Amino acid sequence: MSEIVAAVTGGVIGVVAMLLLIGIGAYILRKRFCFSRQYEEFFDQVPPTQNKVIAVDKDSLGANSKDAGMKHVPFIVPPKFRGRDWIGLGNGERIQDDSEPYIAPDFLPRSSFCSLGAYVVGSINPALYKFPEVNEETDFPEGNIGRIWFAVEYELETERLVVSLMKVRNLQFGSDSCNPFLKIHLLPDERRHLQSKTKRKTVNPQFDETFVFQPPSEYGNIQFSLSYNDYLGRLTVVVLRAKGIQFLEEHGVISSAFVKVSFMNHNKLIKCKKTASICGTSNPVYNETFSFKVEHTGLDTASLSLAVFQNAQGDKSYLLGRVVVGPYMYTRGRELEHWNEMLNRPKDLVKRWHSLCINT
């Protein structure tokens with residue numbers, strides 16, 4: 001019985017092996033047949049030609065043109081596009097006849113594509129695609145009285161407008177005693193201005209100066225960050241720095257300041273914290289962090305007050321300015337934007353500068 005099973009198994013394996021060999025042979029023959037047909041059809045499209053050499057006009061290829069070093073790059077067209085009405089190009093280019101095989105110029109790399117009978121249509125002149133050179137220091141329009149070079153940048157984080165003044169050229173001045181300087185106004189305020197240094201006896205002054213316009217605040221500015229963690233129900237305030245603080249000069253008042261952070265709900269004081277006092281500067285740096293517990297539903301009625309106080313003798317202190325941030329119920333403008341940005345960017349520290357005021 002075992003001998004019969006072995007014989008049947010051997011026969012099945014032999015039949016499978018034979019079918020596999022037949023399939024592989026048929027696949028190889030099919031591939032060879034298809035490749036041969038494609039090869040013949042491709043070359044049959046090119047008409048037979050005699051051994052003929054086409055002279056390439058080197059002038060038209062840019063070898064002796066005024067743009068030295070720039071060689072023209074020829075267009076080539078596959079044989080299947082023959083018979084199209086190609087429009088002749090200028091600059092000495094020519095369209096090759098159908099019976100003329102394309103001979104690549106010496107500066108082009110030789111490839112199998114060129115030998116398959118591609119045809120040239122025209123050529124590209126790289127000089128036509130160069131931007132015109134304009135010398136801003138010598139080419140001036142008629143009737144001008146001079147030209148000024150400057151750059152403007154607004155720094156969102158510090159709320160500063162930075163103006164970089166570089167140079168002035170071709171000032172129309174009647175004598176040799178031209179001593180130019182510039183005044184820069186930030187409109188609509190025409191009373192205040194920033195002024196450059198005076199340059200002596202020149203109509204082409206070089207300044208290279210930078211001017212900064214700070215959004216003005218009578219009582220100074222304070223920078224702090226806000227963050228709200230919805231998962232923990234925690235509101236975080238990072239008091240970073242203040243600048244331009246206007247200290248009182250009354251008798252017994254010390255030139256040191258601290259920031260008092262008050263968390264309120266429905267205008268009712270919930271919790272109050274304060275930073276350390278910084279002495280001897282109107283631009284103190286604090287970098288202190290405070291956290292307040294508040295649920296997300298309570299943010300619609302909550303607000304934060306950051307007030308700058310000046311120390312006095314004893315336990316007294318004087319308010320120098322403050323700012324309130326919170327929802328639409330309590331704030332507007334930048335203070336409302338800061339609060340909303342904090343809500344839109346959960347867990348991120350959103351940093352802004354704010355102007356201090358007294359009546360808030």
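Side-chain atoms are counted along with the backbone in the values below, which use heavy atoms only and exclude waters and symmetry mates. Residue numbers run from 1 in the order of the sequence given. Keep in mind it's a predicted model, so treat the numbers as computed, not measured.
- Listed by first and then second residue, the ring-ring contact (aromatic ring centres under 6.0 Å, His included) pairs involving residues 159-180 amount to none (not counting sequence neighbours).
- Residues that satisfy the side-chain contact (heavy atoms from CB on, under 4.5 Å) test with Ile145, not counting sequence neighbours, are Gln172.
- In this structure, Lys273 places its NZ atom where more than 12 heavy-atom neighbours from other residues, nucleotides or ligands lie under 6.0 Å away.
- Residues satisfying the side-chain contact (heavy atoms from CB on, under 4.5 Å) test with Leu21, not counting sequence neighbours, are none.
- At least one donor-acceptor pair under 3.5 Å links the side chain of Arg332 to the backbone N or O of Tyr328.
- Residues Lys243 and Trp353 meet the side-chain proximity criterion, which asks for heavy atoms closer than 4.5 Å.
- Counting heavy atoms from C-beta outward, Leu320 and Leu248 have side chains that approach closer than 4.5 Å.
- Here the shortest heavy-atom pairing between Leu356 and Val323 reads CD2-N, 4.4 Å.
- Annotation: the span from Ser355 atom OG to Glu218 atom CD amounts to 11.0 Å, rounded to 0.5 Å.
- Remark: side-chain polar atoms of Ser225 are not paired, donor with acceptor, to backbone N or O of Leu349 under 3.5 angstrom.
- The backbone N or O of Val325 lies less than 3.5 Å from no partner atom in the side chain of Thr331, so there is not a single donor-acceptor pair.
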Throw together a table of side-chain donor-acceptor distances under 3.5 angstrom for residues 200-210, partners on residues two or more places apart or in other chains.
{"from": "Thr202", "atom 1": "OG1", "to": "Asn204", "atom 2": "N", "distance (Å)": "3.0"}
{"from": "Asn204", "atom 1": "OD1", "to": "Asn170", "atom 2": "N", "distance (Å)": "2.7"}
{"from": "Gln206", "atom 1": "OE1", "to": "Arg169", "atom 2": "NH2", "distance (Å)": "2.7"}
{"from": "Gln206", "atom 1": "NE2", "to": "Asp208", "atom 2": "OD1", "distance (Å)": "3.3"}
{"from": "Gln206", "atom 1": "NE2", "to": "Asp208", "atom 2": "OD2", "distance (Å)": "3.4"}
{"from": "Glu209", "atom 1": "OE2", "to": "Lys197", "atom 2": "N", "distance (Å)": "3.0"}

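- With rounding to the nearest 0.5 angstrom, the OG atom of Ser305 is 12.5 Å from the CZ atom of Phe263.
- Screening residues 256-266 for side-chain hydrogen bond (donor to acceptor under 3.5 Å, both in side chains), with sequence neighbours left out, gives Ser256-Asn311, Asn265-Thr301.
- For His185, the ring-ring contact (aromatic ring centres under 6.0 Å, His included) partners at least two apart in sequence or on another chain are His193.
- The shortest heavy-atom contact between Tyr219 and Cys357 is CD1-CA, 3.7 Å.
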Would you tabulate the side-chain donor-acceptor contacts of residues 285-300 under 3.5 Å, counting partners in other chains and residues two or more places apart, or write 'none'?
{"from": "Tyr286", "atom 1": "OH", "to": "Ala257", "atom 2": "O", "distance (Å)": "3.0"}
{"from": "Glu288", "atom 1": "OE2", "to": "Ala276", "atom 2": "N", "distance (Å)": "2.9"}
{"from": "Lys293", "atom 1": "NZ", "to": "Leu232", "atom 2": "O", "distance (Å)": "2.5"}

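- The minimum heavy-atom distance between Gly244 and Asn283, with the atom names listed, is N-OD1, 2.8 Å.
- Considering only residues two or more places apart in sequence or on other chains, Ile184 meets the side-chain contact (heavy atoms from CB on, under 4.5 Å) condition with Val163, Phe211, Phe213.
- In this structure, the side chains of Met264 and Val324 stay at 4.5 Å or more apart for every pair of heavy atoms.
- Tyr330 pairs by the ring-ring contact (aromatic ring centres under 6.0 Å, His included) definition with nothing, not counting sequence neighbours.
- Taking SG from Cys272 and NZ from Lys274, the interatomic distance works out to 8.5 Å, rounded to the nearest 0.5 Å.
- Using modelled atom types, no side-chain atom of Asp348 and backbone atom of Val350 make a donor-acceptor pair closer than 3.5 Å.
- Contact annotation: the side chain of Asp230 approaches that of Tyr228 to within less than 4.5 Å [non-hydrogen atoms, C-beta and beyond].
- Under a 4.5 Å side-chain heavy-atom criterion applied to ILVMFWY residues, the cluster that includes Val15 comprises Leu19 as well.
- Atom CZ of Phe224 is separated from atom CG of Leu240 by 9.5 Å, given to the nearest 0.5 angstrom.
- Two residues are said to be in side-chain contact when any heavy atoms from C-beta on lie closer than 4.5 Å; Pro180 and Thr198 fail this criterion.
- Atom CD1 of Ile245 is separated from atom CG of Asn221 by 9.5 Å, given to the nearest 0.5 angstrom.
- Under the 4.5 Å side-chain heavy-atom criterion for grouping Ile, Leu, Val, Met, Phe, Trp and Tyr, Leu194 is connected to Val168 within one hydrophobic cluster.
- Residues satisfying the side chain to side chain donor-acceptor pair (under 3.5 Å) test with Ser177, not counting sequence neighbours, are Ser175.
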Original post:
For Leu306 and Val237, what are the C-alpha separation, side-chain angles and deciding distance, and is it a side-chain contact (heavy atoms from CB on, under 4.5 Å)?
Top reply: CA-CA 10 Å; Leu306 288 87; Val237 184; 4.2 Å; yes

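- A 4.5 Å side-chain heavy-atom check between Ile148 and Leu165 finds at least one atom pair inside the cut-off.
- With contacts defined as side-chain heavy-atom distances shorter than 4.5 Å, the pair Val259/Ile222 qualifies.
- Residue Leu235 holds its CG atom at 10.5 Å from CG of Asn229, rounded to the nearest 0.5 Å.
- Hydrophobic clustering of Ile, Leu, Val, Met, Phe, Trp and Tyr side chains at less than 4.5 Å, counting indirect connections, keeps Phe181 apart from Leu186.
- When atom types are taken as modelled, the side chain of Glu249 and the backbone of Phe247 share no donor-acceptor pair closer than 3.5 angstrom.
- Residue pairs meeting the side-chain hydrogen bond (donor to acceptor under 3.5 Å, both in side chains) criterion with at least one partner in residues 335-347, sequence neighbours excluded, are Glu335-His354, His338-His354, Glu341-Arg345, Glu341-Arg352.
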